[in-house]
Novice: 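Sharing a structure with you now.
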Protein chains: 2
Amino acid sequence: MEHVAARAGVSRALVSIVFRGVAGASEATRERVLAAARELDYRPDTRASRLGSSRTRTLGVTFSVGHAFHGDLLESLYTHADAAGYELVLSGVTPSRSEAAAVETLLAERCEGIILLGSSQDTARLERLAARLPVVSVLRPVARGEVGVVRTDDAAGLRLSVEHLHGLGHRRIALLDGGRTAGAAERRRGYRTAMRRSPTLTEVVLTGGVTELEGAEAARTFLGLGPRERPTAVAAFNDRCAIGFVDVVRQAGLHVPGDVSVVGFDDITEAGYPHVALTTVRQDAERLGAETVRTLADRLDGGSSDRGSGTTPPAPVVIEPELVVRASTAPATRHGARS
Amino acid sequence: MEHVAARAGVSRALVSIVFRGVAGASEATRERVLAAARELDYRPDTRASRLGSSRTRTLGVTFSVGHAFHGDLLESLYTHADAAGYELVLSGVTPSRSEAAAVETLLAERCEGIILLGSSQDTARLERLAARLPVVSVLRPVARGEVGVVRTDDAAGLRLSVEHLHGLGHRRIALLDGGRTAGAAERRRGYRTAMRRSPTLTEVVLTGGVTELEGAEAARTFLGLGPRERPTAVAAFNDRCAIGFVDVVRQAGLHVPGDVSVVGFDDITEAGYPHVALTTVRQDAERLGAETVRTLADRLDGGSSDRGSGTTPPAPVVIEPELVVRASTAPATRHGARS
DNA sequence: GTCCCAAACTAGAGCGCTCTAGTACCGATC
DNA sequence: GATCGGTACTAGAGCGCTCTAGTTTGGGAC
């Protein structure tokens, strides 16, 4: 910085002004400084600038590495954080690196807010963390308290699945359950609610999970059922699970959607490929990311005077999902409708 | 830090000594300081410590968010960086955030070295970057110069594929090509070499790519071929592409491996699922990560006196892949062997 | 010409650490 | 009792920025 200042014939302070993009430098000087910086291949040291200023203007994010939907969310987060004048600091969660450890490094970086994608930490820990600084849990609802929540209306999503299948004439509609994963309880609830609305519907719960593997296993259970008790349609916890299910069912010689209709959840990229063409409930990664940043930026930039913890707990942001109909669902056949 | 020092009744310098874990503090004091820190919920500010010390001890990593194999690599990188006393700074690449932008933020963080996972930057840029600081390109080979390379022996991998299929009696073995992706050229070369070793083998190249989508498209081309010219086996650029291919071929009523054998590349988690059971060439993410960190740590910690750029360009580290035989390959049938 | 004010610029004290060059103390040595 | 050597600890000057509180400059307005 010293060198750039010297080369441009100005003070260090002026260089700082130019690089922060604030008022207080003439157009001519601004260009002279930038030119000098370019010649010297200088770029401000982010560590030092964050140290010097009272605000770090960074948001920490924990995410599962290699998780496709988290990837979509990160893309959206990068865009909106940038627009709001924040930088993202990523901290990955892997089988050998716990979410708690990931959060620890974010705190040491002095992030101003923390974003947890699909957190698996218990509520008590989250509460404790939220007492220190603004936290938002994305995808996973947290009972109450200071933790911000941005999520899809999971229950509504499963209601969409069930209503779609019901509308196609299906009666035995199974839930391919997600177990203890973020959002699974809500989706289960949505399934139950929708199923109980109509007395003609029969509930069946198949144990599923988050990956294709569990979907495949559920498919074997499904195939083991007698034709009378076998569901004619399946509403899955998520797309990957649905895809695994479809794979195995097809390998067994059944047809999708001819013999069984399947609805996924998420609308991952793969679901849209022509050879998959999975009917699914879409989670809007773009909006989830946008709302997450907005929630945090609102609290941090505190439009009103009352920023800090004394304020009312942030209202959860719940985004409505949308049914995307593709080729994995069809009207119930006579055989199916009969059961 | 001030507060911790006061509470423990020592100087700030002593607190620093304790937290850096260096010699110079008695056991009793050490515990007293740690206790005080715990009570105050203090943790050192990483920005400030990096600023204060001459070394930042950080390695920057660019990766594609949501990319499954990059996830596996990150896991390994986290483990080995930690063991070598380095911290990782992640910078994600998304459709709207270029690799160049990702690198820019890493430079501004003053990382000591940069790790590029599956870089898509041109060689000239990489060279320029490597002139500034140690860089290693993982998965993608770079012609020569200062850029370090850690990769799988892609050519050998495809030779393994072809030899395996040849050994099963296949003659018409197609390459499901990866186009311009990192490593694709090498794999193409390996395929050609292996095919030309035996005059009985017939080369067929199908345009593929990196995702299931391209594999599915290639399958349609494949199905369009007459039975005489249709290959009896396919060596794919990667697992995802292979999986898309298999899906479509099966949906068309053909059997894998009965009618066509398929070999993937990478050995992603999904390939090992029982309902997929893809024969594939395994890339060892664990070792790739380990070697990457080792390469960088060697240069940075400069075992010998001559660290810096004057040194001999780092030799590329090439890791041998391994064939994992599962259920997507089988001996050529009479029909297949005849063609 | 004088006064005033905004715009353009600078000096220098932090930010929370690290790290060098010290001081204080204690037991062992002769 | 003076000297040594080593361990435990401290003072204080940076690290590369930010940011407050200035100082200087260049036009108008009268």
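Just so it is clear, the structure is predicted and the values come from calculations on it, not from any experiment. Lettering follows sequence order; numbering is per chain, from 1.
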Novice: For the pair made of CZ in A/R50 and C1' in C/dC17, what is the distance, rounded to whole Å?
Specialist: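 Distance check: A/R50 CZ to C/dC17 C1' gives 16 Å.
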Novice: Atom CD in A/E286, atom CG in A/L77: separation rounded to 0.5 Å?
Specialist: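 That separation rounds to 9.5 Å.
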Novice: Would you sort out whether B/T295 and B/T292 count as a side-chain hydrogen bond (donor to acceptor under 3.5 Å, both in side chains), showing the intermediate values?
Specialist: CA-CA 5 Å; B/T295 304; B/T292 301; over 6 Å; no
Novice: Going 5' to 3' along nucleotides 6-16 of chain C, which nucleotides have protein heavy atoms under 4.0 Å from the base (write B), which only from the sugar-phosphate (write S), and which from neither (write -)?
Specialist: --SBBB--BBB
Novice: Between A/R50 (side chain) and A/R55 (backbone), is there a donor-acceptor pair under 3.5 Å?
Specialist: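 Looks like no, no N/O pair under 3.5 Å.
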Novice: Side-chain N or O of B/R20 less than 4.0 angstrom from OP1 or OP2 on C/dC19?
Specialist: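 Yes, such a contact exists.
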Novice: Side chains of B/T58 and B/E109: is there a donor and an acceptor less than 3.5 Å apart?
Specialist: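 No pair is found: no donor N or O on one side chain lies under 3.5 Å from an acceptor on the other.
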Novice: Look at the aromatic rings of B/F63 and A/F63 and report parallel, tilted or perpendicular, splitting at 30° and 60°.
Specialist: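 Geometry flag for A/F63 against B/F63: parallel rings.
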